[in-house]
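Structure, as structure tokens:
Below, chains carry the letters A, B, ... as their sequence lines are ordered, and counting in each starts from 1.
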Amino acid sequence: MTDAAPSAPLLTAESLSLERGGRQLFRDLSFVIEAGQLVQIEGANGAGKTSLLRILAGLSRYGFEGEVTRHAPMLYLGHQSGVKGMLTPRENLAWHVSGEGTFSRGAIDEALEKVGLFGYEDVPSNALSAGQHRRVNLARLYLSTSPLWLLDEPFTAIDVGGVAELEALKVAHVKSGGAIVLTSHQALNTDHPVHRLSLTEGLLV
Amino acid sequence: MTDAAPSAPLLTAESLSLERGGRQLFRDLSFVIEAGQLVQIEGANGAGKTSLLRILAGLSRYGFEGEVTRHAPMLYLGHQSGVKGMLTPRENLAWHVSGEGTFSRGAIDEALEKVGLFGYEDVPSNALSAGQHRRVNLARLYLSTSPLWLLDEPFTAIDVGGVAELEALKVAHVKSGGAIVLTSHQALNTDHPVHRLSLTEGLLV
Amino acid sequence: MYFDNFAHVLHMDGHGVYVWAAYGITLAVIVLMLVLPRRRAKQQLRQVAGELRRQQATQKLKEER
Amino acid sequence: MWTFFHKLGSPPWLYGISGSILRYLLPLTLLALAVGMTWGIFFTDPDFRQGNSYRIIYIHVPAAVVALAGYYVMAIAGGVSLIWKMKMADVAMRACAPIGAALTFVALVTGAIWGKPTWGTWWVWDARITSMLILFFLYLGVVALYEAYDNKEAAGKACAVLSLVGTVNIPIIYKSVDWWYSLHQPASIKFTGESSIDPSMLYPLLLMIAAFYALFTCLMLMNMRAEILERESRTKWVRKLAEEGS
Amino acid sequence: MSAPGALAFCGRLLRRQLVLAVRRPIEIVNPLLFFAMVVALFPLGLGPAPDALAEFAPGMLWIIALLSSLLTSDTVFRSDFDDGSLEQLLLSPQPLYFSVLAYVGAHWLITGVLLALVSPVFALMLGLPGQAIVALVISLLLGTAVLSLVGGIGAALTVGLKRGGMLISLLILPLYMPVLIFGSAAVQAAVIGAPAGPYLAILGAMLSLAIALAPVAMSAGLRISIDA
Amino acid sequence: MSAPGALAFCGRLLRRQLVLAVRRPIEIVNPLLFFAMVVALFPLGLGPAPDALAEFAPGMLWIIALLSSLLTSDTVFRSDFDDGSLEQLLLSPQPLYFSVLAYVGAHWLITGVLLALVSPVFALMLGLPGQAIVALVISLLLGTAVLSLVGGIGAALTVGLKRGGMLISLLILPLYMPVLIFGSAAVQAAVIGAPAGPYLAILGAMLSLAIALAPVAMSAGLRISIDA
Ligand code: HEM
Ligand SMILES: Nc1ncnc2c1ncn2[C@@H]1O[C@H](COP(=O)(O)OP(=O)(O)OP(=O)(O)O)[C@@H](O)[C@H]1O
Ligand SMILES: Nc1ncnc2c1ncn2[C@@H]1O[C@H](COP(=O)(O)OP(=O)(O)OP(=O)(O)O)[C@@H](O)[C@H]1O
Ligand SMILES: [Mg+2]
Ligand SMILES: [Mg+2]
């Protein structure tokens, strides 16, 4: 179940089980996420993808069994964007509550340009469209130095061009020694091997 | 620009122009939506699709120029789902604020089953996953008798199976004399001719 | 003229503080109300002018290319 | 008549005409204010009961009177904006609110300052004073609501609704405050409103009232011009104006 | 599948709002507890002298009822706006006049009416003379209905604002004042043995006026808010 | 690109919150206007007799300040929860203790401090004797800080609830009461010419205790809320 090279594990999950609303979403799920892996969690609506991701991120702490260990700094992007409508995209990134780093203005502008928000740096974010709003958040991916990314439906509301760029970014991140766990209802369109994480069968290569 | 058959116009838009945040989103856009048409609004993030749809629905009333006439009852589903978390899916449909009709319990259960929520009829909606939540709203499409549908990214958060079913429903609706205007970043996967509505060039056949 | 000298004007038999304070505040408010819309209009015009200049500059850049 | 109405709805026309009105009205207003104030401060005799403190009357009463009248101007503009969907009525309404609030504020503050030497207290809960305070809140509500909206056109409509609701309520508020005051035992201090006023004091007062009305008009026009520029900043005529100006 | 009549739809909305409230019983009990706690605050803040408390009891009870209504009126349309239901309501073919009446009616039932019904307990705690209690209950019933209607206008005008926060209190408190004056006057009249009828009649007149006009203002406000 | 130090991060958060507040100046002025309007409510409800009003002024001013703080404390974390920022804050490597202090600090600056600074105006309107004004301002400065901290605990515990609304008032009002008692006692002491110092000292002690403990409770509350 691991890559050939004995690369560093970034996250280990041991026998995770979760029951919600009377249904067993997954049982005894164990896996290891290693550097260089791009993992897509699979499942229909309501299968438990978001629940699993929140457990992996450490946001859910009650109601499940098993253990999660993260061995590296992590970046989590959830269903909600965490973008403040009253702040401009630039301020949103500079004062981001995640406190990951102190970014120079140049770095922030570059990241915003990369997500296609050139010229929108100083517009209040609530005057942006649904997709642009999400892009502000995705700009964090360009700034991040965390090796482990947990992304919940990162492609929501993003147009075709944006999706392609995001995929390229992800492959680059994984190739440079990071790892990504993501959920998406769209198949990833990349040459890089995509590991599938099935909620019933665990990590498939 | 019209279909061969002189079918009934359901909606006419005359020289719509909109400027937001200093950018001209569209100018002098005129088109007629007729029964039997399946129209997809095209545009990248921030192009103005949502803004146009809200104007067509009559929700935006300020800040644009031009005129919109709707000749038939309309159903609008926006970015937000309009599903009350404290009510069950069944109650959500039965007491829906749109006041479109009085639906029997049987009809509601059938619609819920069709969107894959069989067994979830009596679960409070906020215990549903993101996709299931949206599906509650989509069940209104099965109940609706309005010929004109305006749908803003109806496939958001819906899994592959759900998307296929929705597409089938849409084609059926259009074939039976309705018309649909929708936005989506995914291409529609259907044999039925899909008209494209470009914000710069108007309705293309 | 009711008052005999300047000190009397200021003092007003003990009511000077009140009268002058009232007039002072009123004048301040009036001046503020006169200045604010003026400044708003000027700023707006300057902003539009700046925008136009920026547009022209970018257009020139495009043409040069 | 109808064409006049039509013209009123046209921003460039309004901008132009208000400019020419202001050119004459504004100096005149400032002159009247200066003459009235000097007259009131220096050239009238003190009141036999209140001494020199009564000189505050020349700003207190005009401010109070115009502040009250301003609400009706605002509400009428709001009504016009809602009924005839005239954008410039919105702008007029929006222009009234801060001026009205400021004048109410002046009336309140000068009243309070006047109260200290005459009544020995800064404030009493008198019916007239209380309703003035409420008027202040009504004005502030309109200003605040307008500022809270991002979309200024929607803001104008919302404020129009609010000021119309306020108009229905103003008589109710005034009546009820009057009742309230006679209901509870009135305070020991009486409002010296009834004392007939000496002509030598009346003329400067009338002049000041007229000056404040003129001031209100000027400020309203100035605010409207600024607002028009902001709303129409994308149009050709504003661009031309900006080019000429710079 | 026929569209329901306006009244049937109004009833359905009312039922929906009440069910939503009942799903969180805490929401219903809250205004009452708030009332109770502020009643407790007053003696703490003002000192427990019983005579003074009894004398001011009518006014205090009314002020608390007013605050209680004020604080909850923001929620009338808020959650429906947040989840997109309000858009759907505005697009509905049903007359908005009755729909907003249903929303306000639900609000009145779960704050005003409940408050009026339990107010005698608090009145006795503050030492209000027994003969004034009927006047208190009736004045609260009538008055809170006006407050709910006026509060609904404020809610409709501010619901679209990202951080409307306390703006609503600024908009509607001035309009609340006449209700407060006549409401507390009615109780005070009853305390000293005078007839409270005239004051209650005025409250009733205000209520009629509010029922006729407030829904119109609310409808206009909602249409504006949805577009902001 | 190094991670900022805890204090730098805390300062950045404080700045962010203040900028957010300043972007809508209305949000800042609102508590003040609320204060002013409720000050006006009391005479309307209780009657305009100046003596009685002056006697009750310390308690009333304190009760209003308390309500004002109570009503805004719900917003401390609300918007950050709604848009997902709070999740990100909890995942951040920074110590949560300082982060929540920044949130509460911003709340205190834009409600408590401002309120304390303008309170003399309202005190004069209610006829509070001049010599009590210094005690009023200081007691409000200290007291509202405690109120903000305690309110923050309530906000943290309820932010995850869909319609927390007034639940928060229920949770924190009892905790507010000691502050109210000593705050109004300080002013009352100053009114009758007694030293207000001891009461202010007690408020200061409460504040120290709250600064030490409240952030811990808030952090725990937020972690629970995010999981609800
Ligand atoms: C904060 C305190 C005060 C406020 C808010 C206030 C407000 C008003 C208002 C609303 C008017 C009415 C104008 C009209 O009816 O058209 C007025 C008029 C007047 N006020 Fe005051 N006032 C205050 C204090 C005082 C004091 C202290 C005095 C003098 C001792 C005073 C003397 C007058 C007089 C002489 C008039 C004009 C006579 C009349 O129209 O009845 N006011 N004031
Ligand atoms: N309230 C607003 N104020 C100013 N500009 C706005 C406002 N809302 C949207 N805009 C601007 O209007 C443009 C179009 O927005 P709209 O939501 O219609 O885009 P969209 O085509 O639906 O995009 P998406 O695919 O991301 O949903 C955006 O560029 C946005 O910046
Ligand atoms: N608060 C809750 N209480 C009870 N059950 C819940 C709760 N939240 C979610 N569930 C249930 O857990 C299941 C999984 O939800 P989850 O959000 O993880 O699904 P998902 O795989 O992310 O789906 P989607 O693709 O729609 O986002 C759903 O069936 C849902 O009914
Ligand atoms: Mg999910
Ligand atoms: Mg969109």
(request) Name the region of B/Arg70, side chain, backbone, both or neither, that has any atom closer than 4.5 Å to a heavy atom of chain E. (result) neither
(message) With a 4.5 Å cut-off on side-chain heavy atoms, are E/Ile226 and B/Arg61 touching?
(response) no
(request) Quick one: closest heavy-atom pair of E/Leu20 and B/Lys84, and the distance? (result) CD1-CD, 3.3 Å
(request) Using non-hydrogen atoms and a 4.5 Å limit, figure out which bit of E/Leu13 sits close to chain B: side chain, backbone, both or neither. (result) side chain
(request) To the nearest 0.5 Å, tell me how far E/Asp227 CG sits from B/Phe64 CZ. (result) 8.5 Å
(message) Quick check on B/Leu77 against chain E: is it the side chain, the backbone, both or neither that has a heavy atom closer than 4.5 Å?
(response) both
(message) Could you report the tightest heavy-atom contact between E/Ser92 and B/Ser98, atom names first, then the distance?
(response) CB-O, 2.9 Å
(message) Is it the case that the side chain of B/Gln80 and the backbone of E/Ser85 share a donor-acceptor pair, with hydrogens and angles ignored and the cut-off at 3.5 Å?
(response) no
(message) If you count heavy-atom pairs within less than 4.5 Å of chain B, which of E/Asp82, E/Leu86, E/Ile224 leads?
(response) E/Asp82
(request) Can you tell which part of E/Phe81 gets under 4.5 Å to a heavy atom of chain B, answering side chain, backbone, both or neither? (result) backbone
(request) Work out which heavy atom in E/Phe9 is nearest to a heavy atom in B/Val97; give both atom names and the distance. (result) CZ-O, 3.0 Å
(message) As an exercise, state the distance from CD of E/Gln88 to CZ of B/Arg140, rounded to the nearest 0.5 Å.
(response) 4.5 Å
(message) To the nearest 0.5 Å, what is the distance between CG on B/Asn126 and CG on E/Asp83?
(response) 11.0 Å
(message) Check this for me: B/Gln24, atom CD, are more than 12 non-hydrogen atoms of other residues, nucleotides or ligands nearer than 6.0 Å?
(response) yes
(message) Rounded to the nearest 0.5 Å, what separates atom CD in B/Glu91 from atom CZ in E/Arg16?
(response) 10.5 Å
(request) Give, as side chain, backbone, both or neither, the part of E/Leu91 having an atom under 4.5 angstrom from any heavy atom of chain B. (result) side chain
(message) Quick check on B/His79 against chain E: is it the side chain, the backbone, both or neither that has a heavy atom closer than 4.5 Å?
(response) neither
(request) State whether the number of non-hydrogen atoms from other residues, nucleotides or ligands found under 6.0 Å of E/Arg15 atom CZ is greater than 12. (result) no
